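In what follows, every heavy atom counts, from backbone to side chain, and hydrogens, waters and symmetry copies are set aside. Predicted model, so just to flag it, every value in this text is computed and none were measured.
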Amino acid sequence: MEIAAPPAGRRVEAGIGAGGQGGHAYLKEWLWWAGLLSMGAGEVANFAAYAFAPATLVTPLGALSVLVSAILSSYFLSEKLNLHGKIGCLLSILGSTVMVIHAPQEEEIENLNEMSIKLADPGFLLFATGVIIVSLILIFVVGPSHGQSNILVYISICSVIGALSVSCVKGLGIAIKGLFAGEPVLKNPLSWILLISLIVCVSTQINYLNRALDIFNTSLVTPIYYVFFTTSVLTCSAILFKEWQHMSANDMIGTFSGFMTIIIGIFLLHAFKDVSLTLSNLPVSLRKDERLLNGNLSNHVYEHLNGDEESHLCETEISESTASRRNGSLTF
């Protein structure tokens, strides 16, 4: 499941004593808990979305949370949303719309027995084994030595584990639908396996995402995390649910184009958030540049003409002086 990052320019603070060190002092901050509960309410709705829609569609649309956060931050946190940010928001909306239009049709899974068959597929087992091995290497080998200096370490841990958490959410969604239909899903061991796996995955994601936010700037963490996480989920969904098998070439190109448009929009929203550029001062800047160009051109022309005039005067004076000397010599 995707763990939402905080608004642009606002990190999940880790406390004064652990600032910039990736510690756990943020657990003592009431503001962190308030934000966590708020995100939890949003993740409940996100959970429901995964239960009724393909992950290939739900996950990229998580970019809208970044967009809403940026807009609300400009109103409630007095953060400036410049021209690049507004263009990024527009591109994110357009990309999301394109993805909705070209979204793949998910293969219908009616119960946990069908889900267990999907999970036992050799391709998914190979993918899940690779994810677990890579995650363990990043956590126990790469993380302690390079996690404080390389932004990709902790974000990669969150992203690859997030792919498995989305699969767990999908399975639990099917279990909940079966529970309301009167099926004995609580007696099925797969339900509890999915629940425990989801708790472990989400806890790990929250831990390492907060470490990344504590050490690195949110404007860098958010877009990188979105790209890595969405790519991992799309890969996992393609392997587990075979969502891409029945898509036409036009839908594939449309989905990929929409995803790339969202990435560009998020990049513009975060990478240039400190640049003071708005629609009101854009024409002024252009007029200033034009006046500066005209002024430099006028000065250059004036200096050129003034230089030619001075050269002509000097030549005239030299000619008159030479003629006077010649006349004086003849008179003598």
S.K.: Is there a chain of hydrophobic side chains (I, L, V, M, F, W, Y, each step under 4.5 Å between heavy atoms) that links Leu195 to Val166?
M.R.: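 Linked, Leu195 and Val166 end up in one cluster.
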
S.K.: Do Leu209 and Ile155 have side chains that approach each other closer than 4.5 Å (heavy atoms only, starting at C-beta)?
M.R.: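 When only atoms from C-beta onward are counted, Ile155 and Leu209 do not touch, as no gap falls below 4.5 Å.
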
S.K.: Nearest 0.5 angstrom please: Leu125 CG to Leu240 CG, how far?
M.R.: 10.0 Å

S.K.: Looking at side-chain heavy atoms only, is the closest gap between Leu164 and Ile132 below 4.5 Å?
M.R.: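 Yes, their side chains come closer than 4.5 Å.
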
S.K.: Is any side-chain heavy atom of Ile206 closer than 4.5 Å to one of Asn210?
M.R.: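 Contact flag for Asn210/Ile206 side chains = yes.
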
S.K.: Once side-chain hydrogen bond (donor to acceptor under 3.5 Å, both in side chains) is applied, do any residues pair with Ser237, and if so which ones, sequence neighbours excluded?
M.R.: Thr56, Glu243

S.K.: Quick check: do Phe267 and Val227 have side-chain heavy atoms less than 4.5 Å from each other?
M.R.: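 No - every pair of side-chain heavy atoms lies 4.5 Å or more apart.
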
S.K.: Tell me the closest heavy-atom pair linking Thr204 and Ile139, and the distance in Å.
M.R.: CG2-CD1, 4.4 Å

S.K.: Work out which heavy atom in Ser135 is nearest to a heavy atom in Val160; give both atom names and the distance.
M.R.: OG-CG2, 3.3 Å

S.K.: Indicate, with yes or no, if Val185 and Trp192 share a hydrophobic cluster defined by side-chain heavy-atom contacts under 4.5 Å among Ile, Leu, Val, Met, Phe, Trp and Tyr.
M.R.: yes

S.K.: Apply side-chain contact (heavy atoms from CB on, under 4.5 Å) to residues Gln205 and Tyr225 and explain how you reach the verdict.
M.R.: CA-CA 11 Å; Gln205 283 183 267; Tyr225 172 62; 3.5 Å; yes

S.K.: Would you say that Tyr154 contacts Leu138 through its side chain, given a criterion of any heavy-atom pair below 4.5 Å between the two side chains?
M.R.: no

S.K.: When you measure from the side chain of Ser145 to the backbone of Val142, do you find a donor-acceptor pair of N or O atoms at a distance under 3.5 Å?
M.R.: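 Yes: the side chain of Ser145 pairs with the backbone of Val142.
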
S.K.: How long is the straight-line distance from CG of Asn150 back to CD1 of Ile215, given to the nearest 0.5 Å?
M.R.: 11.0 Å

S.K.: If hydrophobic clusters are built from ILVMFWY residues whose side chains come within less than 4.5 Å, do Val200 and Phe140 share one?
M.R.: no

S.K.: Show your working on side-chain contact (heavy atoms from CB on, under 4.5 Å) between Val153 and Tyr208 and close with a plain yes or no.
M.R.: CA-CA 9 Å; Val153 176; Tyr208 285 98; over 6 Å; no

S.K.: Working to the nearest 0.5 Å, report the span between CD1 of Ile174 and CG of Leu194.
M.R.: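 The distance works out to 9.0 Å.
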
S.K.: Please check: side-chain N/O of Ser191 versus main-chain N/O of Lys187, any donor-acceptor pairing under 3.5 Å?
M.R.: no

S.K.: Using 0.5 Å steps for rounding, measure from the CD1 atom of Ile264 to the CG atom of Leu91.
M.R.: 7.0 Å

S.K.: Run the numbers on Glu114 and Asn111 for side-chain contact (heavy atoms from CB on, under 4.5 Å), then give the verdict.
M.R.: CA-CA 6 Å; Glu114 295 182 5; Asn111 49 52; 3.4 Å; yes

S.K.: Less than 4.5 Å apart, any side-chain heavy atom of Ile263 and any of Met260?
M.R.: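 Result yes, sub-4.5 Å side-chain heavy-atom pair found.
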
S.K.: Check whether any side-chain heavy atom of Leu190 lies under 4.5 Å from a side-chain heavy atom of Leu119, and answer yes or no.
M.R.: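 In contact.
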
S.K.: Test side-chain contact (heavy atoms from CB on, under 4.5 Å) on Phe229 and Cys158 and set out the steps.
M.R.: CA-CA 7 Å; Phe229 174 79; Cys158 299; over 6 Å; no

S.K.: Does Asn113 use its side chain to pair, donor to acceptor, with the backbone of Ser116 at less than 3.5 Å?
M.R.: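 Looks like no, no N/O pair under 3.5 Å.
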
S.K.: Could you report the tightest heavy-atom contact between Ser96 and Ser92, atom names first, then the distance?
M.R.: OG-O, 2.8 Å

S.K.: State yes or no: do Ile196 and Leu172 share one hydrophobic cluster built from I, L, V, M, F, W and Y residues joined by side-chain heavy-atom distances below 4.5 Å, directly or via other members?
M.R.: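 Looking at the clustering, Leu172 is in a separate group from Ile196.
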
S.K.: Using every non-hydrogen atom in the two residues, find where Ser232 and Ser159 come nearest and quote the distance to one decimal.
M.R.: CB-O, 3.5 Å

S.K.: Got a second to check how far Ile93's CD1 is from Thr261's OG1, nearest 0.5 Å?
M.R.: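 One gets 13.0 Å once the value is rounded to the nearest 0.5 Å.
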
S.K.: Ignoring hydrogens, what is the shortest heavy-atom contact between Phe216 and Gln148? Give both atom names and the distance.
M.R.: CZ-O, 3.8 Å

S.K.: Could you state whether Met115 and Ile117 fall into the same hydrophobic cluster, counting links through intermediate Ile, Leu, Val, Met, Phe, Trp or Tyr residues with side-chain heavy atoms under 4.5 angstrom apart?
M.R.: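 No, Met115 and Ile117 fall in different hydrophobic clusters.
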
S.K.: Do Val98 and Leu94 make a side-chain contact, defined as non-hydrogen atoms from C-beta onward lying under 4.5 Å apart?
M.R.: no

S.K.: Shortest non-hydrogen contact from Phe124 to Ser167?
M.R.: CE1-OG, 4.0 Å

S.K.: With sequence neighbours excluded, give me every side chain to side chain donor-acceptor pair (under 3.5 Å) pair touching residues 251-260.
M.R.: His102-Asp251, Ser248-Asp251

